[in-house]
Amino acid sequence: MKRIVILISGRGSNMQAILEADLPVEIAAVISNKPEAKGLEIAARHGVATAAVDHRQHASREQFDTALAEKIDSYQPDLVVLAGFMRILTEGFVNRYQGRLINIHPALLPAFPGLDTHEKALQEGVKVHGCTVHFVTPAVDHGPIVAQAAVPVFQDDTPDTLATRVLEQEHLIYPEAIRWFAEDRIRLENNRVNVDIAHASAPALRTPWPA
Ligand code: GAR
């Protein structure tokens, strides 16, 4: 069974969705760059090992990433899952985990990388928004796309209502993408992801369009 390590920075709702999805993986640990992250308490309640590598205790990005990598590697994961991990990672760190480091981003990449994606979507007046699971490359919020889910944007949406609609989809597609990885269904070819889902046990992804 594949081993995964989940990295979080805060609330940990995506991490919780992964822990509760009954995936065919061993969750080796949940690690946060903030010891006070609420998600660590949730992980501990689920009986998962937790650790913190506080970025504030390291003088540079490189030193923090080295300490983080040492902690991650002590759990010998096959896959490292960024779930609301809000630190920019160095190229050295990203290259070390090439092909086994994935992230979820609350937008339909390549649109709206970075922060405040729901505000940006409303400002641009897009009619469709969503979320993306992707392999991580040194460019922030960029890399081969594994899965996406789209949601409608309504005229009376606020960043909060839109975030809630997108988050619901995040909680569906992230566990699903990890299941594909666990079942060896994911192939990275020419910087594109092909997923063999002919025999997927997964239910079809629901998309919340109005009737
Ligand atoms: C999620 O919406 C995730 O997509 C986003 O942070 C939130 C974390 O929530 N990640 C990024 O913006 C990464 N660029 P959570 O802690 O409840 O999972």
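Counting convention: from 1, in listed order, for ligands and their atoms alike. None of the values given here were measured: they were computed from a predicted structure.
In this structure, D78 contributes its side chain and R3 its backbone to a donor-acceptor pair below 3.5 Å.
Atom 1 (C) of ligand 1 has as its closest protein heavy atom E170 OE1, 3.2 Å. The protein non-hydrogen atom at the shortest distance from atom 15 (P) of ligand 1 is S13 N, 3.4 Å. The nearest protein atom to atom 8 (C) of ligand 1, hydrogens excluded, is given as G84 CA, 3.6 Å; this is a heavy-atom distance. What sits closest to atom 12 (O) of ligand 1 on the protein, heavy atoms only, is P106 CD, 3.3 Å. Nearest protein heavy-atom neighbour of atom 9 (O) of ligand 1: R11 NH2, 3.0 Å.
Put simply, part of I104 is less than 4.0 Å from ligand 1, judged by heavy atoms. Within the structure, ligand 1 lacks Q16 among the residues with a heavy atom less than 4.0 angstrom away.
Residues H118 and H129 place their aromatic rings such that the two centres sit under 6.0 Å apart.
Residue-level proximity to ligand 1 for T117 is absent, since no heavy atom of it falls below 4.0 angstrom.
When side chains are defined from C-beta on, V133 does not count as touching N103, because their heavy atoms never get closer than 4.5 Å. Annotation: side chain of I102 is not in contact with side chain of L82 (no heavy-atom distance under 4.5 Å).
Within the model, atoms SG of C131 and CG of L108 stand 7.5 Å from one another, a figure rounded to the nearest 0.5 Å.
Residue G12 has at least one nitrogen or oxygen atom sitting less than 3.5 Å from a nitrogen or oxygen atom of ligand 1, judged on distance alone. The distance criterion of under 3.5 Å between nitrogen or oxygen atoms is met by D141 with respect to ligand 1.
Between H55 and F64, the angle of the ring planes goes over 60°, which puts this pair in the perpendicular group of the 30/60° scheme.
Annotation: K2, atom NZ; neighbour count of heavy atoms from other residues, nucleotides and ligands within 6.0 Å is above 12.
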